[in-house]
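Read through the structure below, which is laid out as structure tokens, and then see the notes.
It should be emphasised that the depicted structure is a prediction, and the values quoted were computed from it without experimental measurement. In this chain, numbering begins with 1 at the start of the sequence shown.
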Amino acid sequence: LRGSRRLVGQAMPALPEDLMARLNQRGRLLLYFHSPHCGPCRRMTPIIEAAASRHDHVIKVDVSRSTDLARRMNVMATPTLVRIAGYRITEVRVGAVAAETIETLLA
């Protein structure tokens, strides 16, 4: 938890090209790190998918498939939400969060 939260305010680590292209277009990203075997993730995923259908800067990241990105972002637990704006990490939330919290992170 502390490792992830220490990233707030820091310059973001290198992202894959496709994510950098989206960040360059939108100026912000909300990365949702999840695991298919995580109970809280399974409850949160439908909320994230609904948000992703309304906002094209919401990105789902399966930590079992994108271990390198998860390591670079210091993700040690799922679910984790990381908001990037202006090429800086502006918010990190570890653990399941309510739909209202997700909406505030998207604003």
Inset, instruction - Using salt bridge (Lys or Arg N to Asp or Glu O under 4.0 Å) as the criterion, list what pairs up with R71, not counting sequence neighbours. - result: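 By the salt bridge (Lys or Arg N to Asp or Glu O under 4.0 Å) rule, R71 matches no residue at all.
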Legend entry - Set of salt bridge (Lys or Arg N to Asp or Glu O under 4.0 Å) partners for R83, sequence neighbours left out: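 Residues passing salt bridge (Lys or Arg N to Asp or Glu O under 4.0 Å) with R83: E91.
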Inset, instruction - Determine, using the 4.5 Å side-chain heavy-atom cutoff (strictly less than), whether L105 and V92 are members of one ILVMFWY cluster. - result: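 Per the 4.5 Å side-chain linkage, L105 and V92 are not co-clustered.
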Inset, instruction - Answer yes or no: is there a donor N or O on one side and an acceptor on the other, between the side chain of T80 and the main chain of A77, under 3.5 Å? - result: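 Yes: the side chain of T80 pairs with the backbone of A77.
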Inset, instruction - Verify, without hydrogens or angle tests, whether R72 (side chain) and A14 (backbone) share a donor-acceptor contact under 3.5 angstrom. - result: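 It does hold such a pair.
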Inset, instruction - List in chain and number order the residues that pass side-chain hydrogen bond (donor to acceptor under 3.5 Å, both in side chains) with D18, two or more places apart in sequence or in another chain; answer none if no residue qualifies. - result: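 Partners of D18 under the side-chain hydrogen bond (donor to acceptor under 3.5 Å, both in side chains) test: none.
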Distance in Å, [X] [atom1] paired with [Y] [atom2], rounded so as to fall on 0.5 Å steps:
X	Y	atom1	atom2	answer
S66	I59	OG	CD1	11.0 Å
Q10	R88	CD	CZ	7.0 Å
R28	Y87	CZ	OH	14.0 Å

What donor-acceptor contacts under 3.5 angstrom involve side-chain atoms of residues 39-47, with partners at least two apart or in another chain?
{"residue": "R42", "atom": "NH1", "partner": "P36", "partner atom": "O", "Å": "3.3"}
{"residue": "T45", "atom": "OG1", "partner": "Y32", "partner atom": "OH", "Å": "3.0"}
{"residue": "T45", "atom": "OG1", "partner": "C41", "partner atom": "O", "Å": "2.6"}

Inset, instruction - Identify the two heavy atoms, one from P16 and one from L69, that lie closest to each other, and give their separation to 0.1 Å. - result: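 It is CD-CD1, 4.1 Å.
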Inset, instruction - Check the pair F33 / D62 against side-chain contact (heavy atoms from CB on, under 4.5 Å), numbers first and verdict last. - result: CA-CA 6 Å; F33 291 91; D62 183 342; over 6 Å; no
Inset, instruction - Would you please name every residue forming a side-chain contact (heavy atoms from CB on, under 4.5 Å) with A52, sequence neighbours left out? - result: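 For A52 the side-chain contact (heavy atoms from CB on, under 4.5 Å) partners, ignoring immediate neighbours, are V58.
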Legend entry - Other residues, nucleotides, ligands: >12 heavy atoms within 6.0 Å of E17 CD: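 No, because the 6.0 Å sphere around CD of E17 holds 12 heavy atoms or fewer from other groups.
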Inset, instruction - Quickly, which of L106, I102, L30 forms a side chain to side chain contact (heavy atoms under 4.5 Å, CB included) with H55? Name it, please. - result: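 With H55 as partner, side chain to side chain contact (heavy atoms under 4.5 Å, CB included) holds for just one option, L106.
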Inset, instruction - Go through V63 and H34 one step at a time and tell me if the side-chain contact (heavy atoms from CB on, under 4.5 Å) criterion holds. - result: CA-CA 6 Å; V63 296; H34 67 96; over 6 Å; no
Are side-chain heavy atoms of [X] and [Y] found at a separation under 4.5 Å?
X	Y	answer
L81	I48	yes
I84	L19	no
L31	M73	yes
P13	N74	no

Legend entry - Pairs satisfying side-chain hydrogen bond (donor to acceptor under 3.5 Å, both in side chains), at least one member in residues 94-107, at least two apart: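 Those involving residues 94-107 are R54-E103.
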